[in-house]
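Below: one structure, written as structure tokens.
Note that this is a predicted model, so its numbers are computed, not measured.
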2 protein chains.
Amino acid sequence: MDMKKPDFTQRFGFLVNDVARLHGRRFDQRVREIGLTRAQCRVLGTLYMRDGQSQAALAELLEQTPMAIARMTDRMEAAGWLRREPHPDDRRIKLLFLNDAAEGALREAMRIGDSVQAEALAGLSDDETSQLLALLQKARTNLAQLERPEYVPPDD
Amino acid sequence: MDMKKPDFTQRFGFLVNDVARLHGRRFDQRVREIGLTRAQCRVLGTLYMRDGQSQAALAELLEQTPMAIARMTDRMEAAGWLRREPHPDDRRIKLLFLNDAAEGALREAMRIGDSVQAEALAGLSDDETSQLLALLQKARTNLAQLERPEYVPPDD
DNA sequence: GCTTTTTCATATCCATGATTATTATAATCC
DNA sequence: GGATTATAATAATCATGGATATGAAAAAGC
């Protein structure tokens with residue numbers, strides 16, 4: 001008898017959760033000195049690509065609830081990273097715009113992200129790294145499609 | 001000009017964060033019906049492998065702060081999943097033991113985890129799946145060693 | 001033995017995210 | 001065009017996790 005108990009740390013859910021937690025913790029420790037957090041960098045990065053989104057649209061892009069975006073943009077507006085402007089035609093909607101401070105901070109955050117990524121993927125060959133990214137991308141598309149079946153991954 | 005802006009969603013940090021968030025959200029939705037959460041499953045799974053740990057030891061195993069474990073075990077003790085018992089020799093220490101209800105719930109959580117993993121990794125070959133797990137495991141080891149240089153990954 | 005240092009658990013505060021409900025505003029449907 | 005329905009933002013509540021600080025108890029130094 002004395003069955004070998006299953007090793008939970010080898011399961012995909014545990015693993016990806018752990019890697020994200022450890023990676024994110026380390027990233028947070030470093031971007032903290034520029035006054036940002038991991039989640040805020042995510043918002044900044046998305047707005048940088050598509051400035052002037054509504055909160056609802058941003059929530060869609062980030063696969064998050066509108067509520068999470070409402071509070072996040074509250075904090076980020078208070079911190080001066082972005083501003084909210086009324087939509088000219090629809091008084092329900094607030095459009096989000098990056099402030100000038102955001103671009104430099106985002107560039108620095110990218111440098112930090114590169115550095116943490118290098119730490120996390122140390123010892124992996126270039127092939128292994130691209131394979132890892134491709135497989136994660138596939139998993140991300142799978143999971144996103146489960147929630148929004150109409151979603152089609154970008155092609156360009 | 002009109003430089004192409006960097007696609008943040010392709011970065012490792014964003015990707016692994018997103019996959020963990022989407023996977024965890026889906027897992028949470030399902031284990032909720034047995035009264036558990038993702039984080040609690042993580043605790044249950046670890047205690048199942050090594051019952052009778054101190055909170056500090058559990059924090060080490062989970063790569064988390066003792067404070068996070070203190071609050072987590074508070075909630076889980078109140079919910080009846082585990083109990084705290086005093087250490088016979090050291091009055092600072094509380095040892096954690098799973099209650100009977102935990103084992104069945106954990107088995108069900110594993111089934112749910114298998115199901116979500118299958119959804120997330122749909123379309124990946126067996127080779128790709130094992131490669132993904134192996135690469136994530138490597139990243140996890142890398143990141144863990146940055147925080148605890150003495151850490152050595154299990155060999156058996 | 002007694003002081004200093006470590007260690008264990010925990011209180012407090014903040015950031016994040018999910019759920020649920022509410023309010024204001026648009027859009028749609030007879 | 002007035003009632004119904006849908007959508008945008010947000011409030012309130014809970015679970016989670018990091019950072020800092022604290023009290024109690026054990027270990028180490030002398």
Side-chain angles (χ1 to χ4, degrees), chain A residues 17-33 35-44 53-79 81-82 84-96 147, chain B residues 17-18 20-33 35-44 53-79 81-82 84-96 143 147:
Chain A
N17 196 48
D18 266 12
V19 173
R21 194 173 42 80
L22 293 172
H23 186 285
R25 182 200 288 173
R26 196 157 182 88
F27 181 78
D28 272 341
Q29 285 166 351
R30 301 232 206 135
V31 285
R32 197 180 177 184
E33 55 190 68
L36 282 170
T37 67
R38 172 179 23 161
Q40 289 174 1
C41 289
R42 208 160 148 260
V43 171
L44 248 49
Q53 296 287 306
S54 71
Q55 295 186 190
L58 185 62
E60 277 283 298
L61 285 171
L62 293 174
E63 309 273 359
Q64 278 191 277
T65 65
M67 187 63 242
I69 301 301
R71 273 183 317 171
M72 180 63 77
T73 49
D74 268 356
R75 283 186 296 264
M76 293 180 68
E77 188 176 37
W81 295 116
L82 52 81
R84 284 188 259 216
E85 294 184 7
H87 189 288
D89 300 331
D90 190 333
R91 275 184 294 176
R92 293 171 303 180
I93 298 178
K94 297 176 185 173
L95 300 177
L96 301 172
E147 307 195 0
Chain B
N17 197 47
D18 266 12
R21 196 173 41 79
L22 294 173
H23 186 284
R25 182 201 287 174
R26 195 156 184 87
F27 181 78
D28 271 341
Q29 284 166 351
R30 302 233 204 133
V31 286
R32 198 181 175 185
E33 53 190 71
L36 282 170
T37 66
R38 174 178 20 162
Q40 289 173 2
C41 289
R42 208 161 146 259
V43 171
L44 248 48
Q53 296 288 305
S54 72
Q55 295 187 191
L58 185 61
E60 277 283 298
L61 286 172
L62 292 175
E63 309 274 358
Q64 278 191 279
T65 65
M67 188 61 242
I69 300 301
R71 274 175 315 178
M72 180 64 75
T73 48
D74 268 356
R75 284 185 295 265
M76 293 181 69
E77 188 175 37
W81 295 116
L82 52 80
R84 285 188 257 216
E85 293 184 9
H87 189 287
D89 301 331
D90 189 333
R91 275 183 294 175
R92 294 170 304 179
I93 298 178
K94 297 177 186 173
L95 300 177
L96 302 172
L143 290 164
E147 306 195 1

Using atom CD1 of A/I69 as one end and atom C1' of C/dA15 as the other, report the distance to the nearest whole Å. 14 Å
Distance in angstrom units between A/D18 CG and D/dT16 P, rounded: 15 Å
Whole-Å distance separating the CD atom of A/E33 from the P atom of D/dG18: 19 Å
In whole angstrom, what separates A/D74's CG from D/dT10's P? 6 Å
Results of salt bridge (Lys or Arg N to Asp or Glu O under 4.0 Å) for A/R91 - residues two or more places apart only: none
From CZ of A/R30 over to P of D/dG18, roughly how many Å is that when rounded to an integer? 17 Å
The side-chain hydrogen bond (donor to acceptor under 3.5 Å, both in side chains) partners of B/R32 (sequence neighbours excluded) come to none
Are OP1 or OP2 of C/dC8 and a side-chain N or O of B/R84 less than 4.0 angstrom apart? no
Could you go through B/W81 and B/L36, starting from their C-alpha distance and side-chain angles, then the distance that decides it, and tell me whether this counts as side chain to side chain contact (heavy atoms under 4.5 Å, CB included)? CA-CA 9 Å; B/W81 295 116; B/L36 282 170; 3.5 Å; yes
Under 4.0 Å protein heavy-atom contact, by nucleotide of nucleotides 16-28 of chain C - B base, S sugar-phosphate only: BBBB-----BS--
Rounded to the nearest angstrom, tell me the gap between atom NZ in B/K94 and atom P in C/dC8. 14 Å
Who passes side-chain hydrogen bond (donor to acceptor under 3.5 Å, both in side chains) against B/Q55, sequence neighbours left out? B/R84
Could you work out, with salt bridge (Lys or Arg N to Asp or Glu O under 4.0 Å) as the rule, every residue matching A/D18, not counting sequence neighbours? A/R21, B/R42, B/R140
I need the CD1-C1' distance between B/I93 and D/dA25, as an integer number of Å. 10 Å
Those residues at least two apart in sequence (or on a different chain) that pass salt bridge (Lys or Arg N to Asp or Glu O under 4.0 Å) with A/R75 are none
Which residues share a side-chain hydrogen bond (donor to acceptor under 3.5 Å, both in side chains) with A/R25, sequence neighbours left out: B/E147
Find the bend of the helix from C/dG1-D/dC30 to C/dC30-D/dG1 as the angle between its two terminal axes (five pairs each), to the nearest 10°. 10°
Just to verify, what does A/Q29 make a side-chain hydrogen bond (donor to acceptor under 3.5 Å, both in side chains) with, not counting sequence neighbours? none
Measure NE2/A/H23 against P/D/dG18 and give the value in whole Å, please. 15 Å
Is any side-chain heavy atom of A/R38 less than 4.5 Å from a side-chain heavy atom of A/V31? no
